[in-house]
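Down below is the structure, laid out as structure tokens.
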There are 2 protein chains.
Amino acid sequence: MNGMTKTRTYSISDLAREFDVTTRTIRFYEEAGMLLPERNGQTRIYTDEDRVKLKLILRGKRLGFSLAESRELIEMYDPTSDNLKQLHALRAKIQQSREALQQQLTDIQLMQTELDAAEERCLEAMRELES
Amino acid sequence: MNGMTKTRTYSISDLAREFDVTTRTIRFYEEAGMLLPERNGQTRIYTDEDRVKLKLILRGKRLGFSLAESRELIEMYDPTSDNLKQLHALRAKIQQSREALQQQLTDIQLMQTELDAAEERCLEAMRELES
DNA sequence: AGTTACCTTTACGTTAACGTCAACTTGGGT
DNA sequence: ACCCAAGTTGACGTTAACGTAAAGGTAACT
């Protein structure tokens, strides 16, 4: 009785294929304490929850986050804390993350306008060659 | 007669202070061929152009780009090319960069909504403690 | 019984992006 | 003349994030 979570499982290469990473990478994330799959004997068995975590890690990676940073983001996921002070700390972290993301947004927008300008110059150079 | 570019100059530690990096980092970017400051004897002298390049490198870094990627972005800056084929290649690169940035935008938005949810759960947990 | 396809652990190798000395030189104050 | 701050060039060290064998286990075909 866990809220109807689809309890599918995945092998390591299932996930590797789906997210286009190597199995080594996935095992590495486990070494780093980011994933804790169950086992059938030796063999790792991944649940949907593991899969979500992996997805979060890789999303973080695309944004240039280190594993440590992604770990923090993932830990924000469940406020298991029963301690008010820790909850305040968690909110502070969430706020920090927001600000970091905001900076990235700004950076992306700047880059986009610069790409616009770059393309404009490029097109201009092409027009001159055709003249 | 170069379009009224302010021709200020900077020492290496001027830039280091301004952008909060070490001088080693700046020299490293030069080793990597990203900066080519003039010299007064031994001493490096940075122009506004160098400063802009450094700014671009660091912006790329905040977005998780490698130096190689930032180098490509910087090279898009002036279409010095007199060759039509190269200009087409340049446009293709620009387009690729656009798509990468678009992916990052999506990732950021997803993260932001997840941060919203995380904060909501956090606040919820805090309310329960006060009950 | 043999091969194939995955899975495992252990362990050393690699690359990027710097950090960290060490051993200079150089221009400016006192 | 002496010192100090800021600059320089090597050159080796470090960390993160995997890559890359090596050596072996296991279940399923054929």
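A note on names: the letters A, B, ... follow the listed sequences, proteins ahead of strands, and every chain is numbered from 1.
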Identify each atom pair where a protein N or O and an N or O of nucleotides 19-21 of chain D are less than 3.5 Å apart, giving names and distance.
{"from": "D:dG19", "atom 1": "OP2", "to": "A:Thr22", "atom 2": "OG1", "distance (Å)": "2.7"}
{"from": "D:dG19", "atom 1": "OP2", "to": "A:Thr25", "atom 2": "OG1", "distance (Å)": "3.3"}
{"from": "D:dG19", "atom 1": "N7", "to": "A:Arg24", "atom 2": "NE", "distance (Å)": "3.3"}
{"from": "D:dG19", "atom 1": "O6", "to": "A:Arg24", "atom 2": "NH2", "distance (Å)": "3.2"}
{"from": "D:dT20", "atom 1": "O4", "to": "A:Arg24", "atom 2": "NE", "distance (Å)": "3.1"}

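In this structure a side-chain-to-backbone donor-acceptor pair under 3.5 Å is present from B:Ser11 to B:Asp14.
If you take CG of B:Asn40 and P of C:dT25, they are 18 Å apart, rounded to a whole angstrom. In this structure, CZ of B:Arg27 is placed 18 Å from P of D:dC12, rounded to the nearest angstrom.
Around atom CD of A:Glu18, more than 12 heavy atoms belonging to other residues, nucleotides or ligands sit under 6.0 Å away. Under a cut-off of 6.0 angstrom, the local environment of CD in B:Glu49 is sparse, with at most 12 non-hydrogen atoms contributed by other residues, nucleotides or ligands.
Residue contacts for B:Tyr29: at a heavy-atom cut-off of 4.0 Å it reaches the sugar-phosphate backbone alone, with no base atom in range. If you check every strand for non-hydrogen atoms under 4.0 Å, B:Thr23 touches nothing.
A:Arg121 forms a cation-pi arrangement with B:Tyr77, by the criterion of a distance under 6.0 Å to the ring centre and an angle within 45° of the ring axis.
When distances run from any side-chain atom of B:Leu67 to the nucleotides C:dC18, C:dC7, D:dT8, the shortest one goes to C:dC18. Side-chain proximity of A:Thr43 to the nucleotides D:dT8, C:dT8, C:dC18 is greatest for C:dT8. Checking D:dT8, C:dC7, C:dT8 against every side-chain atom of A:Ser11, the shortest atom distance belongs to C:dC7.
Expressed to the nearest 0.5 Å, how far CD of A:Glu114 lies from CG of A:Leu110 amounts to 6.5 Å.
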